[in-house]
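Down below is the structure, laid out as structure tokens.
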Amino acid sequence: MTYSLLSWQAAVVGAAVTLGLPSALAAQAPTPQDLSHFTTAGSYLAARHAGAERDSGAAAAYYLNVLKSDPKNTDLLNRTFLSVLSDGNIDDAAKLADRVLAADKTDRVSRLVIGIRALKQKDYSTARQNFSQSIRGPVTDLTATMLAAWAQYGGGDTKGAIDTLDKLSGPDWYGIFKDLHAGLILDLANNKKEAAKRLDHAYKVDPTAVRTVEAYGRFLSRNGSKDDALKVYQDFNKVLPDHPLIIEEMKAVSDGEKLPPLVDSPQAGAAEALYGLGASIGRRGGEDLALIYLQLALYLEPNHAMALLSLADLYETLKKPELAIKIYDRVPPTSPLSRNAAIQLAADLDALDRTDEAKKQLDDLIAKRPKDTEAIIELGNIERARKDFAACADTYSKAIDTVPTPDKSNWVVFYFRGICYERSHQWPKAEADMKKALELYPDQPLVLNYLGYSWVDQGIHLDEGMDMIRRSVEQRPDDGYIVDSLGWAYFRTGNYDEAVKNLERAVELKPDDPTINDHLGDAYWRIGRTLEAHFQWSQSKDYGPDPEDLTKIVAKIEHGLPDNNASAADASKPADSSNGNSAEDSDKSKKTGNGG
């Protein structure tokens, strides 16, 4: 029976996914009533589909439904366990982990989960025992060691906890984690002298790590001088201005407060370890492990605001804005990070086409704090993405008005406003904003691309414009949109051979972009490769261009390009569209966050 259920199903999963299961299967976790309508085979296929869609909640529900019919199937049990764990239901995951270990005592993830459950229950001996058996590689080695150290401290063995950390060898980046957590343990154990050494060393290794800065600043506020603590915060603020946690703690220390330790228990210390590793791994592409670590951190510390924001950010990376919204809703309203969560929640509402709700949320935030640059910029971003260019120019102007003396970090607001001015046919204002952005951030590749292309497109400052685009490509040679700008600039100036060369490269980098395929089709036509031109235009048509572009593409498929070069360019590219805009759109989510 162990393999009978899955053997034939596994063979048809690929076909089922290819044909497409109903999207509702992965949109949200099914209710018991929904599950009652599914056969065992149907539930399994739905679970596999939900898993492929990275919807662990739905996958867990379907797998649990199948597991009732085949409880001894080890492969099915493991899939169910991992889905339940990734969904954050740690109590149920721990119960499944018990069953997994009954079949395989070496399963390391199960050991980790059972150890975390024991740690939360203050069963420190069991926790440490399981952590020691969950080691597998560099990251899990470090994880298990830090968790074991916190379990030892919880069991009353501070010296043993520090020895456990110090015995661990590995890559250089282990050091900051080891020193930070040794310092936190020693601080709680009231060994202030040794705690100071460890926290100072962790801070000097990376003075831009926010949690290290918090830990050291808090320690100095209680055990050093007020000025020493403020210097730690102020130095961080010079490099990464206006972080809400740092600003709040800096103000508290300025007012004479002595701040408590960053963590106050073994459970909080373990949660901090899991959060730190989860956030770091998630930024480096290890989404699956990061998801597990962050969920375990929140099991130990449900209101850990940094872990909540990291988990929501991870869901956004996985293109799951609906799950990110649920996490942002959990950020405590008393947290200094609550406004950040509310602003990002609005962005996710817009991603789900709930734009009116998103705008209302941002309007409410701005009404409460009219000079909140970040909220204003996010509203402008939504308006720009929705092509309400007159409105977004006004909104970005309000953001600029909140900055008395713009510096390098503000380049992006002028860049975005310049885009809105250009797209609403206010070129003199757009040009001035692009020049201002370059004044604040010389050689910024997106601005060089946009301004340089705009000049070439208008037939002005041709040499300077081409030079700007080339400099942009030199900095970002693998950005398909920017490479396309260079190719299209060559097309506009009649250098069709160079246009083809660069546009072919752009299509390699962004093969499914309708504008780039359209541009390559035009270039092929001009050098007499008409069959390939029709192919590229057909590709462009199939990739979903804007309606106004679609009309022109269809006309080219039917009639080709007219003989007049200027007319050809106008036919291929609408006056209000440029590849600079595409590059800006592709980079929107990354650049917005730096604009405040």
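No donor-acceptor distance shorter than 3.5 angstrom exists from the side chain of Ser338 to the backbone of Thr334, with no hydrogens or angles considered. For the pair Asn237 (side chain) and Tyr233 (backbone), a donor-acceptor distance under 3.5 Å is absent.
Expressed to the nearest 0.5 Å, how far CG of Leu308 lies from OG of Ser335 amounts to 8.5 Å. A distance of 8.5 Å separates CG in Leu199 from OG1 in Thr212, rounded to the nearest 0.5 Å. Between the CD atom of Glu378 and the CD atom of Glu383 there is a distance of 10.5 Å, given to the nearest 0.5 Å.
A donor-acceptor contact closer than 3.5 angstrom is absent between the side chains of Tyr299 and Gln267.
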- Passes salt bridge (Lys or Arg N to Asp or Glu O under 4.0 Å), Arg339 versus Asp372? Steps please. CA-CA 10 Å; Arg339 282 186 72 85; Asp372 187 343; 2.4 Å; yes

- Item | side chain to side chain contact (heavy atoms under 4.5 Å, CB included) evaluation trace for Arg117 with Val113 | CA-CA 6 Å; Arg117 179 182 62 186; Val113 172; 5.7 Å; no

Side-chain polar contacts of residues 275-282 - donor-acceptor pairs under 3.5 angstrom, sequence neighbours left out - could you list them?
unit_1, atom_1, unit_2, atom_2, d
Ser280, OG, Arg284, NH1, 3.1

Can you give each donor-acceptor pair under 3.5 Å made by side-chain atoms of residues 145-152, sequence neighbours left out, with the distance rounded to 0.1 Å?
unit_1, atom_1, unit_2, atom_2, d
Thr145, OG1, Asp141, O, 2.8
Trp150, NE1, His181, ND1, 3.0
Trp150, NE1, Gly269, O, 3.4
Gln152, OE1, Thr164, OG1, 2.4
Gln152, NE2, Gly160, O, 3.4

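Scored by the salt bridge (Lys or Arg N to Asp or Glu O under 4.0 Å) test, Glu301 finds no partners at all (sequence neighbours excluded). Among residues two or more places apart in sequence or in another chain, the side-chain contact (heavy atoms from CB on, under 4.5 Å) test is passed with Asp172 by none. Partners of Asp264 according to the salt bridge (Lys or Arg N to Asp or Glu O under 4.0 Å) rule, which considers only residues two or more places apart in sequence or in another chain, do not exist here. By the ring-ring contact (aromatic ring centres under 6.0 Å, His included) test, Tyr441 is found to be paired with Trp411, residues two or more places apart in sequence or in another chain being considered. Every residue two or more places apart in sequence or in another chain that forms a side-chain contact (heavy atoms from CB on, under 4.5 Å) with Pro336 is listed here: Pro244, Leu245, Glu248. By the ring-ring contact (aromatic ring centres under 6.0 Å, His included) test, Tyr216 is found to be paired with Tyr203, residues two or more places apart in sequence or in another chain being considered. By the salt bridge (Lys or Arg N to Asp or Glu O under 4.0 Å) test, Lys251 pairs with Asp255, sequence neighbours left out. The salt bridge (Lys or Arg N to Asp or Glu O under 4.0 Å) search around Asp123 returns none, not counting sequence neighbours. Under the side-chain contact (heavy atoms from CB on, under 4.5 Å) criterion, Leu509 pairs with Asp478, Val483, Arg505, sequence neighbours left out.
Applying the salt bridge (charged side-chain N to carboxylate O under 4.0 Å, His left out) test to pairs two or more places apart or on separate chains, those with a residue in residues 265-279 are Arg211-Glu272.
The existence of a salt bridge linking Asp235 and Lys231 is confirmed by a sub-4.0 Å separation between a basic side-chain nitrogen and an acidic carboxylate oxygen.
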